[in-house]
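Note that ligands are numbered from 1 as they come in the structure, with each ligand's atoms numbered from 1 the same way.
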Amino acid sequence: MASIARLPMPLQDVWEWQYDAACKGIDPETFFSPDAERGPRRRNREASAKALCAVCPVVQQCLDHALAVREPYGVWGGLNINERENVLQHQRTG
Ligand code: SF4
């Protein structure tokens, strides 16, 4: 009998956690930096995004997703790209 263990999960299951996201309906610009954004403006925007992540019931699923697919932009699971890269680096080096 053929195994289905290696088949991809249905997309609905993969993304279902997003239905409970604290950022649902929030302007995506809160989480993704416009081109050339720097300094205090960037820090303030990221702080607003992270405040939402801090009370989000699916923060772990969100972070797991971002780390698994190497999301290159934005705040996911309460971490920006540099912070996620640090986590990945730590996981690689133990
Ligand atoms: S952890 Fe943050 S970015 Fe992820 S779903 Fe929740 S509020 Fe949105």
>> Using the rule given for salt bridge (Lys or Arg N to Asp or Glu O under 4.0 Å), can you reason through K50 versus E83, listing the C-alpha separation, both sets of side-chain angles and the distance that settles it, and then say yes or no?
In response: CA-CA 12 Å; K50 290 178 178 183; E83 294 161 338; 2.8 Å; yes
>> Return all protein N, O or S atoms below 2.8 Å from atom 6 (Fe) of ligand 1, chain by chain in residue order.
In response: C56 SG
>> I'd like to know whether F31 forms a side-chain contact (heavy atoms from CB on, under 4.5 Å) with I26, so could you lay out the CA-CA distance, the side-chain angles of the two residues, the decisive distance to 0.1 Å, and finally the verdict.
In response: CA-CA 9 Å; F31 291 84; I26 301 292; 4.1 Å; yes
> Who pairs with Q89 by side-chain hydrogen bond (donor to acceptor under 3.5 Å, both in side chains), at least two apart in sequence or on another chain?
Replying inline: R92
> Going hydrophobic residue to hydrophobic residue with side-chain gaps under 4.5 angstrom, can you get from W17 over to L52?
Replying inline: yes
>> Looking at Y73, I want to see if its OH is surrounded by more than 12 non-hydrogen atoms of other residues, nucleotides or ligands under 6.0 Å.
In response: no
In residues 57-66, what donor-acceptor pairs under 3.5 Å come from side-chain atoms, sequence neighbours left out?
{"residue": "Q60", "atom": "NE2", "partner": "D64", "partner atom": "OD1", "Å": "2.9"}
{"residue": "H65", "atom": "NE2", "partner": "E71", "partner atom": "OE2", "Å": "3.0"}

>> Taking 4.0 angstrom as the limit and counting only heavy atoms of F31, give me the atoms of ligand 1 inside it, by number and element.
In response: 2 (Fe), 3 (S)
>> Among residues at least two apart in sequence or on other chains, which ones pass side-chain hydrogen bond (donor to acceptor under 3.5 Å, both in side chains) with Q18?
In response: none
> Against heavy atoms of V75, which atoms of ligand 1 measure under 4.0 Å?
Replying inline: 3 (S)
